[in-house]
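Shown next, in structure tokens, is the structure this report addresses.
As the structure is a prediction and not an experimental result, all values here were calculated from the model. For this chain, numbers begin at 1 and follow the sequence in order. We use all heavy atoms of the structure for the numbers below, so side chains are in, but hydrogens, waters and symmetry mates are not.
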Amino acid sequence: MRYVIIGNSAAAVGCITGIRKVDKEGEIVVISYEDRCYSKPMIADVLIDYPEEKLLYRDEDFFKKNNVRLMLGSKAVDIDTENKLVVLESKETVPYDKLLISTGAVPFVPPIPGSEKEGVFTFTELNSAKKMKEYLEKNSVERIVVIGSGFIGLEVAYYLREIEKEVVVVELLDRVLGKALDKRGSEIVEKMLREKGVQFKFNDTVEEILGEEKVNSVRLKSGEVLKTEAVVIAIGVRPNVELAKAAGIKANRGIVTDDFMKTNIPDIFAAGDCVECKDITDGIRKNLPLFPLAFEQGLIAGLNMAGKEIEYLGGLPLNSLKFLEKPVLNAGIVEPPDDSYEVLVNDKFDKKGYYRKAILKDGKLVGFVAIGEIDRVGILTNLIRQKIDVSNIKDRLISLDFGLVDLPRDWRREKLEKDKTGYKDWRPVE
């Protein structure tokens with residue numbers, strides 16, 4: 001059996017792990033235009049001279065132990081589904097018996113006039129982060145505008161302040177993390193970043209990037225002109241589906257797969273940020289570009305590619321900001337869409353430095369926010385995954401000392417300790 005994987009990040013590592021759980025001998029080939037397997041959530045650390053070797057998600061030893069052939073610096077440009085071949089930019093072809101597409105996501109860059117100028121960067125790949133770091137140093141850049149206040153934009157802004165750059169974040173919405181965090185959580189995050197020295201322009205956007213060859217300022221929709229020597233576009237990402245669609249693979253906003261990570265083309269699977277993933281909190285398939293979910297999907301795809309049928313049960317949206325003075329973590333639904341949801345809040349942030357919020361639907365936990373104190377929140381994610389009725393203990397969910405002792409013994413044994421939704425039985429022993 002010959003397994004071919006396009007992409008070399010979390011989903012690829014999960015796929016290799018899944019295949020080798022079942023098939024110790026089959027050939028595995030990984031094709032990637034990048035030159036290493038690194039942790040994408042950590043690339044902003046490049047700005048503070050974090051050692052690159054510590055950014056590696058898996059080193060060469062992992063691939064050697066799993067007998068994987070790496071084709072790094074090779075870009076897949078076509079898939080011949082009839083003859084089961086991956087066509088590379090070099091015109092070389094790579095045959096496959098089973099194929100995984102894990103092409104990830106690409107940054108969304110709106111058509112802003114001037115975005116082609118020197119000094120404009122996106123921040124979703126290691127090479128782009130390194131190029132920006134080099135540009136800042138070479139050009140003695142002191143002022144940077146960050147477009148977008150999502151997780152990437154805020155992390156970049158934070159680390160730019162760490163190296164004492166002047167940073168202004170421009171956000172179209174009226175608050176930071178407007179699509180990912182509740183209003184109070186956004187207020188707390190903004191306050192911590194302002195204390196760090198990050199400046200914000202809300203309800204506005206960049207209409208034009210000015211300068212001759214290099215950036216020297218930006219014009220906002222409001223008419224204000226901000227002097228700047230570099231711009232980071234961090235508005236978001238979109239699934240990289242072009243290769244799949246060209247091969248006749250069904251895709252909406254992301255590649256469509258069944259519950260076994262199979263596409264509509266025989267022997268082709270997909271996983272990671274390029275796919276539509278079932279959200280376990282509402283059952284809707286959507287884009288959930290999250291590193292841990294990419295690994296899980298790749299793991300399930302690998303198991304199925306190797307003949308072990310196992311269903312992917314869906315992903316839990318889970319985000320964290322651990323670089324701030326106080327850690328921020330949220331999962332599932334954080335703002336109730338209607339009045340059928342119950343909201344519980346424990347807000348002591350201003351006095352004691354913590355904030356907790358729980359969202360319930362029909363007696364079951366479907367989301368939470370934890371800021372400042374995030375100990376034992378893994379129990380909460382398990383309660384969401386297991387869809388356990390928590391009506392009798394709901395008031396305890398937002399307490400800092402909430403723990404396993406609050407749960408009935410039969411829950412602990414049958415639901416949490418034997419939880420299969422995290423695929424713990426199939427994960428590698430670290």
Side-chain angles (χ1 to χ4, degrees), residues 3-18 29-44 46 55-58 63 68 70-79 86 88-89 99-109 121-131 148 150-153 155 233-247 249-257 261 263 268-277 285-302 305 312 315 317-319:
Y3 308 94
V4 175
I5 301 169
I6 301 174
N8 189 26
S9 192
V13 170
C15 185
I16 292 165
T17 302
V29 180
V30 170
I31 300 168
S32 175
Y33 65 88
E34 296 194 271
D35 61 359
R36 70 197 76 185
C37 178
Y38 59 90
S39 177
K40 294 201 171 187
M42 294 181 64
I43 62 174
V46 168
L55 299 180
L56 292 179
Y57 183 52
R58 291 293 186 273
F63 297 99
V68 176
L70 291 172
M71 298 183 69
L72 304 181
S74 299
K75 186 175 182 180
V77 295
D78 193 17
I79 302 169
V86 176
L88 306 183
E89 194 171 42
L99 174 67
L100 178 77
I101 299 175
S102 59
T103 46
V106 293
F108 172 66
V109 180
F121 302 91
T122 57
F123 225 85
T124 57
E125 293 183 351
L126 182 57
N127 281 339
S128 62
K130 289 169 64 178
K131 285 179 181 177
F151 289 97
I152 295 173
E155 188 170 13
I233 300 176
I235 295 174
V237 296
R238 59 179 177 81
N240 187 0
V241 299
E242 282 73 15
L243 182 66
K245 289 177 75 171
I249 295 168
K250 185 178 179 182
N252 298 319
R253 290 195 64 188
I255 297 172
V256 176
T257 66
M261 307 313 298
T263 70
I268 298 182
F269 297 69
D273 294 357
C274 61
V275 307
E276 291 182 347
C277 166
R285 288 187 176 271
K286 62 186 73 166
N287 301 129
L288 296 175
L290 299 167
F291 210 70
L293 298 189
F295 178 92
E296 283 186 355
Q297 294 160 18
L299 177 72
I300 299 305
M305 289 164 74
Y312 182 57
L318 181 68
N319 297 294

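Summarising the local packing, NZ of K286 is surrounded by more than 12 heavy atoms from other residues, nucleotides or ligands at distances under 6.0 Å.
F269 and T263 make their closest contact through C-CG2, 3.9 Å (heavy atoms, listed as atom of the first residue, atom of the second, distance). Annotation for C274 and N240: closest pair CB-O, 3.8 Å, computed over non-hydrogen atoms. In plain terms, the two heavy atoms of L288 and P317 that are nearest each other are CD2-CG, 3.9 Å. Heavy-atom minimum distance, A11 versus S102: CB-CB, 3.7 Å. Across all non-hydrogen atoms, the minimal contact from G298 to A271 is N-CB, 3.6 Å. Heavy-atom minimum distance, A294 versus G272: CB-CA, 3.7 Å.
For E276, there are no salt bridge (charged side-chain N to carboxylate O under 4.0 Å, His left out) partners two or more places apart in sequence or in a different chain. K130 pairs by the salt bridge (charged side-chain N to carboxylate O under 4.0 Å, His left out) definition with E52, not counting sequence neighbours. Take R285 and apply the salt bridge (charged side-chain N to carboxylate O under 4.0 Å, His left out) test, not counting sequence neighbours, and it matches D259.
Between F108 atom CZ and I233 atom CD1 the span is 10.0 Å, to the nearest 0.5 Å. Atom CG of D35 and atom CG of L70 lie 11.0 Å apart (nearest 0.5 Å). Separation of atoms CD1 (I249) and CD1 (I268) is listed at 4.0 Å; rounding is to 0.5 Å. Distance CG/N127 to CD1/I43: 10.0 Å, rounded to 0.5 Å. Distance check, rounded to the nearest 0.5 Å: CD of E34 to OG of S9 gives 8.0 Å. Distance CD1/I152 to CD1/I235: 11.5 Å, rounded to 0.5 Å.
Screening L299, I300, I255, L100 for a side-chain contact (heavy atoms from CB on, under 4.5 Å) involving M261 leaves a single residue, I300. Results of the side-chain contact (heavy atoms from CB on, under 4.5 Å) test with V29 over V4, I6, I5 single out V4 as the only residue that passes.
With a 4.5 Å cut-off on side-chain heavy atoms, E125 and Y38 count as touching. Two residues are said to be in side-chain contact when any heavy atoms from C-beta on lie closer than 4.5 Å; L55 and S39 fail this criterion. Residues V106 and R238 are in side-chain contact: their nearest non-hydrogen atoms beyond the backbone lie under 4.5 Å apart. No side-chain heavy atom of V237 sits less than 4.5 Å from a side-chain heavy atom of D273.
Of the possible donor and acceptor atoms, none in the side chain of T257 sits under 3.5 Å from a partner among the backbone N and O of A270.
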### Message
side chain to side chain contact (heavy atoms under 4.5 Å, CB included) for Y312 and L293? Distances and angles first, verdict last.
### Response
CA-CA 11 Å; Y312 182 57; L293 298 189; 4.1 Å; yes
### V30/I16 under side chain to side chain contact (heavy atoms under 4.5 Å, CB included): CA gap, chis, key distance, verdict
CA-CA 9 Å; V30 170; I16 292 165; 4.0 Å; yes
### Message
Pair Y57, C37 - check side chain to side chain contact (heavy atoms under 4.5 Å, CB included), show working.
### Response
CA-CA 6 Å; Y57 183 52; C37 178; 4.0 Å; yes
### Task
Kindly indicate, with the supporting measurements, whether the criterion side chain to side chain contact (heavy atoms under 4.5 Å, CB included) is fulfilled by V13 and F295.
CA-CA 7 Å; V13 170; F295 178 92; 3.9 Å; yes
